[in-house]
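Proteins get letters first, then strands, A, B, ... in listed order; numbering begins at 1 in each.
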Amino acid sequence: MTVDRISLTDFLAALGTPAARHEPWPRFELSVEGWTGLRDRLAAVPAWSLLGLWGETGMVHLALRDDTDGDIAVASLTCPQQSFPSLSGVRPAAKRLERAIQDLTGLAADGLDDPRPWLDHDRWRLRHPLAAVPGAPLGEPAPYPFLPSDGEGLHQIPVGPVHAGIIEPGHFRFTCQGETVVRLEERLGYVHKGVERLMKGRLPEEAARLAGRLSGDSSVAHTLAFCLAVEAALGVTAPRRAQLVRAVMAELERIANHVNDIGAIANDGGFAFLLAECAVLREQVMRTNERCFGHRFLMDRVVPGGIAVDLKQEGRQALADLLPVFAKRFRKLVSIYDAKSSLLDRTVGTGVVSSDLAHRFGAGGYVGRASSRGLDARRMPGYAPYDELDFQVPVLPEGDVNARVWIRIREVEQSLDLIAQILKRLESGPGRAFLPESHAVSEGMALVEGFRGEILAWVRISDGGRIERAHSRDPSWFQWPLLEAAIEGNIVADFPLCNKSFNCSYSGHDL
Amino acid sequence: MFGIIARNLLKGSRSEAVSEPGDRAVQDLLAKLHAAARRRLGRSLAIRQVDAGSCNACELEIQALSNPLYDLERLGLSFVASPRHADVLLVTGPVTANMREGLLKTWEATPDPKWVVALGQCAIDGHLFADSYAVVGGVSQVLPVDLVIPGCPPRPADILAGLLALIEAEGRPQAGVAASTAGADKG
């Protein structure tokens, strides 16, 4: 297939009109013809990957990135007919996002081949909560029709929403033939809390607290993405010290989650020793978080304009105490994992995600990077202070549970090194810039690399300085569908292993 | 691996005890919880955790109680997989509209007598999510609540203190439908 080279931004600029204040990347308002033209173009240019697709009253927005050159732009469509042409035919990850848009805004995705609601289980007090005039719920919730599987000797295993472990709720419907999984279908939305509507009308400081609770394990990353979007909209840059301290927090969060996952994956492979040892390492990071910043999850420490709590001498000491000991112990645990053939027997070749699927769904984080999709928002588009730091983005081609473990291992090592680099650069200075009190209506967007992968945050701020519309797209949106593919042909007993190696967020996805 | 196991054996348990330096408050709590669990429960309390809408931070702190530093199970308190095995439902999150039925069914599947503990600020009153169209509110909007453990999220030490209070409490656990406790109501 040959396609003439025209950049994403130039292509959209030729199709639509630029929005007045959208930072740092442009947004273009398209006609329906422009939108369908873009859809056709997306079919021809697979490198233009989906970053996000969200709706608001009478309008949908599509964020794209050219993965080859990093060009980013947003396309928007006003929907006077209360509908928009579906993109699910050209970007499969758009399917659930469009179902969510239909549930939240009442706008219909024309051509979407799955009519079932996604987040709306017909239990909310309102229908279409983001529409101009929300409706009343339909009434008695109907049973959810799962996709059929036909064949001899097939049986179904329903799991959830209440799971057997201490984890989040969601429903998995397995269709099996003997031990082998023929199809897995997920049903999510159980922990939908209506965050996007709650953010409406709030001051950025208040909404940031909500962003920090979209997915508790990614509190720093989600808050940072939200704050960077607010700062982009308002033309504010956080002071250098705040940028560096934010990065320390983000890397501590990454380490704590990755080390926890490595232990939990080993445990689901029947090797409890690593769980115990990794859980101790995690606990030490959490206690260090508390010593440094006064909160184990670092919630509400990143705020619009900078940081709420600075790293003091005692915190630097706590980090100096932690890092070398952690690195030494972690190295030992890694060599144990690498030498434990009975455990590797479970993780190698299990739950394979092909590189093609990872690219088609735009999966980021360890799910993408273990399947040859080597993108990292800290590199592309990049944000301070990572542009001046030295780090590697690990990429593996195998796509199995083992590869997802190794990506995490390498990232923990990188994060430990990053913190050391940041601490060397830390100079005294202000920790927070003030947000302007009055400002024209403006929009901002940010991409931040959380431990799971890229988080997209988008905001529109009114001239009164309040949030008009905010949207956060958790990395899990592009990873949950791949779990359905990863488990196919594996045995039911390997599902916990596969699921843990993805560790998708329910809350971050359900919003 | 055997080196680490041998060292752990020689150095003694890594779990925090009164004799070891560390967080004094946590050690005191663990000692008290140990004594109370032995006295009142014969070291047997089965806890079933239910996430009714949490952001997952509360789950991670409950999980932390099983790490070797806290090692809750050595005190006779264990997390069980089925509500049918449980004495306590430990509920997190603002109860979402989409999880209300799941929570109720889990409670119904738990044999009497049983306790309900609302863990975290969301489970107490809905916290930041209280006004949402998709949220029912605190756990007491749906179930009779015996005890609340505040915090966003409560730290493992806070959860230990809460569980201790539950075991030390004079009242017998709830049987069947009961009125919700004061203080756990919304607002």
B:C55 SG to A:L210 CG distance, which is reported to the nearest 0.5 Å: 11.0 Å
Counting heavy-atom pairs under 4.5 Å to chain B, which of A:P161, A:G216, A:A279 comes out on top? A:G216
Do any N or O atoms from the side chain of B:N56 and from the backbone of A:S215 form a donor-acceptor pair under 3.5 angstrom? no
Under 4.5 Å from any heavy atom of chain B, what part of A:I336 do you find: side chain, backbone, both or neither? side chain
Over 12 non-hydrogen atoms of neighbours within 6.0 angstrom of CZ in A:R116: yes
Give a yes or no on whether the backbone of A:K193 and the side-chain of B:S132 come within a donor-acceptor separation of less than 3.5 Å. yes
Show your working on side-chain contact (heavy atoms from CB on, under 4.5 Å) between A:K340 and B:M1 and close with a plain yes or no. CA-CA 10 Å; A:K340 200 44 79 195; B:M1 176 175 81; 3.6 Å; yes
I'd like to know if the side chain of B:N98 and the backbone of A:V191 have a donor-acceptor N/O pair within less than 3.5 Å. no
Without swapping roles, check the side chain of A:R125 against the backbone of B:V135 for a donor-acceptor pair under 3.5 Å. yes
Which atoms of A:F271 come close to chain B, meaning under 4.5 Å heavy atom to heavy atom: side chain ones, backbone ones, both, or neither? side chain
Which is it for B:D51 and A:Y506 under the side-chain contact (heavy atoms from CB on, under 4.5 Å) test, yes or no, and what are the steps along the way? CA-CA 11 Å; B:D51 176 343; A:Y506 299 70; over 6 Å; no
Heavy-atom pairs under 4.5 Å with chain B are the metric here; pick the option from A:D122, A:L214, A:L126, A:L198 that has the most. A:L198
Pick from A:M286, A:E290, A:K332, A:E206 with the largest number of heavy-atom pairs that fall under 4.5 Å of chain B: A:E290
Of the listed B:K105, B:R100, B:E59, the one with the largest count of heavy-atom pairs under 4.5 Å with chain A is B:E59
Dump the intermediate steps for side chain to side chain donor-acceptor pair (under 3.5 Å) on B:N8 and A:E277, then the final yes or no. CA-CA 11 Å; B:N8 287 351; A:E277 293 295 324; 3.2 Å; yes
Let me know if B:V80 has heavy atoms under 4.5 Å from chain A in its side chain, its backbone, both or neither. backbone
Please report the C-alpha distance between A:W124 and B:T96 in whole Å, then the side-chain angles of each, then the deciding distance to 0.1 Å, and finally whether the side-chain contact (heavy atoms from CB on, under 4.5 Å) criterion is met. CA-CA 9 Å; A:W124 302 338; B:T96 63; over 6 Å; no
Among A:P169, A:S335, A:C278, A:S507, single out the residue with the greatest number of heavy-atom pairs under 4.5 Å to chain B. A:P169
Non-hydrogen atoms of chain A under 4.5 Å away: do they reach the side chain of B:I4, the backbone, both or neither? side chain
Region of A:R197 in contact with chain B, defined by heavy-atom distances below 4.5 Å: side chain
side-chain contact (heavy atoms from CB on, under 4.5 Å) between B:L60 and A:R296, intermediate numbers included: CA-CA 11 Å; B:L60 288 163; A:R296 287 163 58 91; over 6 Å; no
Got a donor-acceptor contact below 3.5 angstrom from the A:E283 side chain to the B:N67 backbone? no
By a 4.5 Å heavy-atom criterion (distance strictly below it), what part of B:F79 contacts chain A: side chain, backbone, both, or neither? side chain
Between B:C152, B:S66, B:P94, which has the largest tally of heavy atom pairs under 4.5 Å with chain A? B:C152
Any side-chain to backbone donor/acceptor pair from A:H192 onto B:G53? Under 3.5 Å, distance only. no
Sort A:H295 into side chain, backbone, both or neither according to what part of it lies under 4.5 angstrom from a heavy atom of chain B. side chain
Proximity breakdown for A:L119 and chain B, heavy-atom pairs closer than 4.5 Å: backbone
Name the region of A:Y190, side chain, backbone, both or neither, that has any atom closer than 4.5 Å to a heavy atom of chain B. both
Check whether A:R209 gets within reach of chain B through its side chain, its backbone, both or neither, counting any heavy atom under 4.5 Å. both
Considering only heavy atoms and a distance below 4.5 Å, find which of B:E101, B:E61, B:Q49 pairs most often with chain A. B:E61
Would you say the ring centers of B:Y133 and A:H128 fall short of 6.0 Å from each other? no
Is it the backbone or the side chain of B:S82 that comes under 4.5 Å from a heavy atom of chain A, or both, or neither? neither
Go through the atoms of A:N260 and report whether side chain, backbone, both or neither lie under 4.5 Å from a heavy atom of chain B. side chain
Spatial distance of atom CG (B:L69) from atom CZ (A:R287) [nearest 0.5 Å]: 5.0 Å
